Amino acid sequence: MTEASRTGNNRLIAVLFGLMFVAVADNQMISPLLPDLMSAFDMDAGQAGLLVSVYAIAAAAISFTLGPLSDRTGRRKMLLAGLIVFTGATLLCGLAWNFASLFAFRAITGAAAGTLSLNITACIGDHFPYRRRGAAMGLVMSGYFAAIILGVPAGAFVAEVWTWRWAFGAFAGAGLVLWAPALALLPSRVPAAGMASTPGTVGTVHDVSFINLIKGYGRFLARTGPLAVIAASFLVSASTVGFITYVGTWLRDAYGLTTDWIGLVFLFSGLGALLGSPLAGYLSDRVGKREIVVVSGLAMAVLLAGIPWITGLLPVVFAGFILTGIAGAFRHAPLQALVTAMATDEERGALIALKNTVAEFGIAGGTALCGVLYVAFGYPFVGAACGVMAAAASFVIMIWVDEPGEAGEPEGPGETGERVRT
């Protein structure tokens with residue numbers, strides 16, 4: 001790799017990191033702002049929760065719809081369009097005049113964030129050869145953890161010093177700042193020759209119908225590798241979010257921790273994840289993405305199942321959550337890189353879209369299941385269920401997913417980079 005191409009790759013990683021950061025921070029920031037929003041618009045807790053739900057639903061719906069289309073129009077157009085809509089909608093959230101307007105603007109923002117998330121992952125798959133994709137994915141995905149650790153507290157600070165409206169304005173400003181580097185540095189993917197629409201694919205805007213989408217996505221469900229990574233993503237999302245959702249309640253009930261101490265637990269867990277993500281990506285390129293995903297997933301399963309059974313040893317629990325953050329980061333980036341290799345350049349966006357949509361269902365199902373278990377049996381049973389799901393995800397990857405290059409398979413789409421220009 002020449003010095004010029006290395007510099008170009010580093011700049012692209014920086015832009016994608018920034019896009020990931022603002023999209024995730026805007027999503028997570030809503031939690032500390034909810035009390036202020038409830039007061040401003042005279043909302044109850046149920047209405048406030050709808051702001052979170054509509055964001056996730058819109059992100060899943062747009063991802064499901066636009067995934068195949070991004071394979072035809074290119075990631076650059078989708079990322080720039082998503083950034084424009086994200087910036088405008090986030091600004092409008094800060095200008096909302098009632099609950100209905102805020103609800104609508106959060107839906108639009110969620111759709112834009114879903115567009116960004118889908119195309120960030122696909123862009124990495126398009127631009128970086130598989131043998132170096134883990135490191136690139138690890139660096140970009142660390143933007144997810146940085147957003148939670150740095151972005152959310154920053155938004156909360158702005159809201160405390162000024163108002164919640166300025167918090168939305170700050171992230172709209174961040175999106176605006178990213179516009180120039182995104183326009184200059186995002187690569188334009190050159191479609192392969194003969195990429196005309198084929199039966200069961202989406203080739204143009206006019207082809208985007210529910211029937212064509214289902215036919216196109218059905219092709220992945222008929223293939224072992226893509227089906228396995230989709231199933232694993234469902235289990236990973238269900239176990240992780242189901243476990244995290246009730247952590248605060250358990251720490252308060254079992255140890256009497258106040259909100260600020262619970263926040264510290266999340267902070268240090270997030271720091272572990274932030275530091276672990278680039279390292280995980282680097283190691284996965286040398287050891288193998290599948291191996292890192294399987295081992296870290298099994299470690300995650302042990303931690304999820306074991307931590308809730310610890311009683312009276314808060315420092316051990318604290319250390320356990322730090323290890324959980326590291327294990328989660330070690331699993332996240334290599335799994336994303338592995339997903340991108342389960343499809344060709346011409347269908348990568350569609351697979352990522354389907355995976356993201358199924359993961360949202362995993363979040364909903366895991367949270368619901370763990371809520372029932374927590375009320376009926378307590379947090380140890382939540383941990384046990386999440387541990388089983390995390391272990392199952394690892395076994396699915398280990399048994400049914402071949403690392404590209406194994407079993408006579410090619411090195412993976414985009415290995416030569418012939419279809420990407422900057």
Side-chain angles (χ1 to χ4, degrees), residues 12-34 51-52 55-56 58-59 63 79 82-83 85-87 89-91 93-94 106 109-121 123-124 136-160 164 166-179 181-182 237 240-241 244-245 247 263-281 321-322 324-326 328-333 336 356 359-360 363:
L12 175 59
I13 288 172
V15 171
L16 296 177
F17 176 97
L19 294 174
M20 178 66 72
F21 180 91
V22 296
V24 174
D26 175 87
N27 181 19
Q28 299 295 323
M29 179 185 64
I30 200 70
S31 180
L33 296 187
L34 279 182
L51 296 175
V52 178
Y55 191 103
S63 180
L79 285 169
L83 181 59
V85 176
F86 173 87
T87 302
T90 301
L91 179 61
C93 287
R106 288 308 288 171
T109 309
T115 302
L116 291 175
S117 177
L118 159 68
N119 286 280
I120 287 169
T121 305
C123 184
I124 297 170
M137 193 74 74
L139 288 169
V140 172
M141 292 302 159
S142 63
Y144 178 95
F145 304 109
I148 298 174
I149 297 168
L150 303 175
V152 174
F157 175 78
V158 170
E160 182 67 25
W164 60 268
W166 280 99
F168 285 114
F171 282 103
L176 188 62
V177 168
L178 283 168
W179 171 251
S237 296
T240 303
V241 180
I244 290 174
T245 299
V247 163
L264 282 177
V265 171
F266 279 91
L267 172 63
F268 281 94
S269 177
L271 283 172
L274 178 61
L275 296 174
S277 184
L279 178 59
F321 280 115
I322 295 175
T324 300
I326 295 172
F330 262 72
R331 181 178 59 183
H332 186 66
Q336 294 289 85
N356 287 354
E360 292 291 344
I363 290 172

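Please read all numbers here as calculations on a predicted model, not as lab measurements.
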Separation of Met137 CE from Gln336 CD (nearest 0.5 Å): 6.0 Å

Gap between atom CG of Leu12 and atom CG of Leu16 - 0.5 Å precision: 4.5 Å

Exam field: side chain Ser277 to backbone Ala273, donor-acceptor pair closer than 3.5 Å: no

Nearest non-hydrogen partners of Ala174 and Val22, listed with the distance: CB-CG1, 3.8 Å

Min side-chain heavy-atom separation Val85-Thr115 under 4.5 Å: no

Leu19 CG to Leu116 CG distance, which is reported to the nearest 0.5 Å: 6.0 Å

Residue pair Phe86 / Phe171: nearest heavy atoms and the distance that separates them: CE2-O, 4.2 Å

Straight-line distance of Asn119 CG to Ile124 CD1, nearest 0.5 Å: 11.0 Å

Whether Phe168 and Trp164 hold their rings parallel, tilted or perpendicular, with breakpoints at 30° and 60°: perpendicular

Gap between atom CD1 of Ile326 and atom CG of Leu274 - 0.5 Å precision: 11.0 Å

Heavy-atom neighbours of Phe17 CZ exceed 12 at 6.0 Å: yes

Donor-acceptor contact present, side-chain Ser117 to main-chain Ala113, <3.5 Å: no

Only distances under 3.5 Å count here; give the side-chain donor-acceptor pairs of residues 142-154 to other protein atoms, sequence neighbours excluded, each with its distance to 0.1 Å.
unit_1: Ser142; atom_1: OG; unit_2: Leu139; atom_2: O; d: 2.4

Closest non-hydrogen atom pair, Gly276 against Ala329: C-CB, 4.0 Å

pair Trp179-Thr87: side-chain heavy atoms closer than 4.5 Å: no

Non-neighbouring partners of Arg331 that pass salt bridge (Lys or Arg N to Asp or Glu O under 4.0 Å), sequence neighbours left out: none

Minimum heavy-atom distance between Val158 and Ala167, given as atom pair plus value: CG1-N, 3.7 Å

Nearest heavy-atom neighbours spanning Ser237 and Ile363: CB-CG1, 3.8 Å

From Ile244 atom CD1 to Phe321 atom CZ, the distance as rounded to the nearest 0.5 Å: 9.0 Å

Counterpart residues, ring-ring contact (aromatic ring centres under 6.0 Å, His included), relative to Phe157 (two or more places apart): none

Shortest non-hydrogen contact between Ala182 and Leu83, atoms and distance: CB-CD2, 4.1 Å

Minimum side-chain heavy-atom gap Arg106-Asp26 below 4.5 Å: yes

